[in-house]
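Naming: A, B, ... by sequence-line order, numbering from 1 per chain.
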Amino acid sequence: MRMSRRFGHTLREAPGDAETAGHALLLRGGFIDQLMSGVYSYLPLGWRVERKVEHIIREEMDAAGAQEVHLPVIQPIELWEKTGRKQMMGDVLFQLTDRRERGMALGPTHEEVITQLFDRHSSSYRDLPVTLYQIQTKFRDEARPRGGLVRVREFTMKDAYSFDLDDAGLDASYEAMFRAYHRIFTRCGVPVVAVEADSGAIGGKGSQEFIFLTEIGEDTIVMCDACDYAANAEKAEFVRPPAEPEEAQPLEPISTPGATTIEDLARFLDIPTARTAKAVFFMATRKDGRHVPVFAVVRGDLDVNEIKLMNALGVSDLRPMLDAEVAAHGLVAGYASPIDAPRGVEIVADLSIPSSPNLVAGANRADAHLRNVNYERDWTAGTVADIALAQPGHRCPRCEGGTLQTGRGIEMGHVFRLNYTYTDPMDVSVLGADGKPVTPTMGCYGIGLGRIVAAAVEQHHDDKGVAWPASIAPYDVHLVGLGLDRDEDVRVDADRLYDELTAAGIEVLFDDRGDSPGVKFNDADLLGMPIRLTVSSRNHKAGVVELQLRDGGRPAEPIARADAAARVRAFRDELFDALRPA
RNA sequence: CGGGGAGUGGCGCAGCCUGGUAGCGCACCUGACUGGGGGUCAGGAGGUCGCAGGUUCAAAUCCUGUCUCCCCGACCA
């Protein structure tokens, strides 16, 4: 590709709404362009990167035995109603109607479609196991797109789905995808950690996310400093700091004027927050659409984890209660009590509550609390479960002596054991060897392509620009021709070198423009091809071209002009080898 | 959805407070010089100031409404 013919330009200054370094560089380099909030066009250079990521994913999926398909973006809404996910996805689902007023959705994911497809084309246990995948555009009407390519409303995803006859089969399919994912991220130059995760709207029993750790991440990850336990904060378990065992003391009302928060209360009574019970109210939406008021109780030193609470209740949505609703349900904000709580309110207690005696809790009237509140003796909850948020400093649930830390990250991929979440409601079965119907068990596996691009830039850049991993760089070589318009010999030689490299299977971006050296070198740094070759009168007279690696690992070196193609291939191979999975 | 910020040539910004018919840098076009880290000079093209309404002799500027974008949070695969 000749730069003189390149569509688009580099920018000296990044557009003002680019917040992260990576996003700014993608815009400055002319890799992507924003059309509207959360919707981006890929320009030629950016699209080459995306296609290389696709290619790597295809190779690894195929190697893992998965078969590529291509499913429709546009889908009948009935399919989403059947599994109850129309309700569950809510506003995230882009919906439209055709000319006959038939309801449709733009696919945010494809479990329903693939499951129906599988059902229509599989009838025997002999057809299993099978893993299907596609690379397809997804549409999700996100409440708030952010961070350039990090969270968008239209994006390319590789989604794969496995169908197996039993748990052992699912385990094998899942493992194969898990290994393939590690290989994919390694080959793309994006370091990830696998963490335990909540399954969210996809459903199923157990999932793991591949997280790229970065300060700009939107997920909080909890990691043990002693063992390899790592989990999304939504899911993370932890060992609760133990309470002092002591005899239950008599219940005692106390006056606590103005102490409406746990911090106020603990200060007012001069006790640790762990000696109090914290009450938090929510409105939950059941899967049948009914709204239920929820009264969650955690020990005062802990916070409610809304995801865990949703899972404990088995509800599809949860939001904090409005002040008016709190009052309407007979609850006194700041002084609510689980003792004699209003009827119709679902009470959920955290695991920390039964094991912590003599807590201070609300009295359900203003300016008053109760001392020595004890679970079981004074009140009970409809549900006792792990509904608390793991915090830095908590003890690890998987090892002795480990302490949990937190970090930020971006979810690059997510693998789920779906089990029968879709095959059951969609009545999918195949005939088993014994002639009886068997319901297949499913897994699903997703990777966000744009996020790989975003993470790769975030991970591989400096203040001058991008330094693409060789595996996904738009071109292998940035050939800089200096003074081509002044020295005919050099121009001819540069053209020849360009052809030689291309003929040798090397992808070359050739800067044949008439700009000054500074402009060209700065563009080369910004655009980030892994290998830079400089052709100039000076080099030409010496019979050399100058080679420099973008990652700064070694100084520029002159190489013999005659060996250029061979040397470049050697360097290229070396760079690819460094990205080879172990 | 709550809070905050911003919309002025392709990009970055000034002008707005105190109304008088739009300016700077980069990029772009022409020419000359220059030529190994965004070079210099000269000459150009390009914007009805997000949109609508109002106030006024006169609105980028004041008022009202509205749309869009970004950030924090809520939410989220």
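Crowding of A/D91 atom CG: a count of heavy atoms from other residues, nucleotides or ligands under 6.0 Å not exceeding 12. Within 6.0 Å of CZ in A/R496 there are 12 or fewer heavy atoms belonging to other residues, nucleotides or ligands.
In this structure, A/N539 and A/L11 both approach RNA chain B, and ranking their closest nucleotides by distance from the 5' end singles out A/L11. Closest-nucleotide positions on RNA chain B for A/S536 and A/M89 were compared, and the one nearer the 5' end corresponds to A/S536.
Among B/rC75, B/rG36, B/rG39, the nucleotide with an atom closest to any side-chain atom of A/S516 is B/rG39. When each of B/rG38, B/rG37, B/rG73 is scored by its nearest atom to the side-chain atoms of A/V519, the top-ranked nucleotide is B/rG38.
Computed from coordinates, the A/R151 CZ to B/rG73 P distance equals 12 Å when rounded to whole Å. The separation between A/F94 atom CZ and B/rC76 atom C1' is 14 Å, rounded to whole Å. Going from atom CD of A/E546 over to atom C1' of B/rG36 covers 8 Å, rounded to whole Å. Here the P atom of nucleotide B/rC75 and the CG atom of A/N305 are 10 Å apart, to the nearest Å. The nearest whole Å value for the distance from the CG atom in A/L309 to the C1' atom in B/rA74 is 16 Å. Atom-to-atom, CG of A/D91 to P of B/rC1 comes out at 9 Å; the value is rounded to the nearest Å. Residue A/M157 contributes atom CE, which lies 12 Å from atom C1' of B/rC76 at whole-angstrom precision. If you measure from atom CG of A/L27 to atom C1' of B/rG12, you get 13 Å, rounded to the nearest angstrom.
Near RNA chain B, defined here as any heavy-atom distance below 4.0 Å, the residues from residues 12-24 of chain A are A/R12, A/E13, A/A14, A/P15, A/G16, A/D17, A/E19, listed numerically. Scanning residues 31-40 of chain A for heavy-atom distances under 4.0 Å to RNA chain B yields A/Q34, A/M36, A/S37.
The salt bridge (charged side-chain N to carboxylate O under 4.0 Å, His left out) analysis of residues 150-163 of chain A, with sequence neighbours excluded, yields the pairs A/K138-A/D159, A/D141-A/R153, A/E142-A/R151, A/R151-A/E218. Sequence neighbours left out, the pairs with a member in residues 8-29 of chain A that pass ring-ring contact (aromatic ring centres under 6.0 Å, His included) are A/H23-A/Y40. Sorted pairs that involve residues 535-546 of chain A and meet salt bridge (charged side-chain N to carboxylate O under 4.0 Å, His left out), not counting sequence neighbours, are lacking altogether.
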- Given side-chain contact (heavy atoms from CB on, under 4.5 Å), test A/R85 with A/E112 step by step and report yes or no. CA-CA 9 Å; A/R85 286 216 295 177; A/E112 282 81 358; 2.7 Å; yes
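Nucleotide B/rG36 is matched to nothing when pairs are restricted to Watson-Crick or G-U wobble geometry with both distances under 3.5 angstrom. Applying the Watson-Crick and G-U wobble criteria (two distances, each under 3.5 Å), B/rG2 pairs with B/rC72. Searching all strands for a Watson-Crick or G-U wobble partner of B/rU30 with both distances below 3.5 Å returns B/rA42. Of all nucleotides present, only B/rG20 satisfies the Watson-Crick or G-U wobble test against B/rC57, with each distance under 3.5 Å. Judged by Watson-Crick or G-U wobble contacts below 3.5 Å, the nucleotide B/rC49 has no partner. The partner of B/rC11 is B/rG25, judged by Watson-Crick or G-U wobble contacts that both fall below 3.5 Å.
Phosphate contact (OP1/OP2 of B/rU34, side-chain N/O of A/R486, threshold under 4.0 Å): absent.
Side chain A/R532 to base B/rG36: no donor-acceptor pair is found below 3.5 Å. Donor-acceptor pairing under 3.5 Å, judged by distance alone, is absent between the side chain of A/R319 and the base of B/rC1. Within 3.5 Å, no donor on the side chain of A/R144 pairs with an acceptor on the base of B/rG3, nor the reverse. Put simply, the side chain of A/D515 and the base of B/rG35 share no donor and acceptor less than 3.5 Å apart.
Classification of A/R491 and A/D487 as a salt-bridged pair fails, no side-chain N sitting under 4.0 Å from a carboxylate O. Comment: A/K308 does not engage A/D198 in a salt bridge, judged by the lack of any side-chain N to carboxylate O separation of less than 4.0 angstrom.
On the P atoms, B/rG54 is 31 Å away from B/rC11, given to the nearest whole Å.
Classification of the A/F178-A/Y174 ring pair by plane angle, with boundaries at 30° and 60°, yields parallel.
Contacts of A/G514 with the nucleic acid, taken as non-hydrogen atoms under 4.0 Å apart, include base atoms.
Under the 6.0 Å distance and 45° angle rule, A/R2 does not count as a cation-pi partner of A/F510.
Every residue two or more places apart in sequence or in another chain was checked for a salt bridge (Lys or Arg N to Asp or Glu O under 4.0 Å) with A/E19, and none qualifies.
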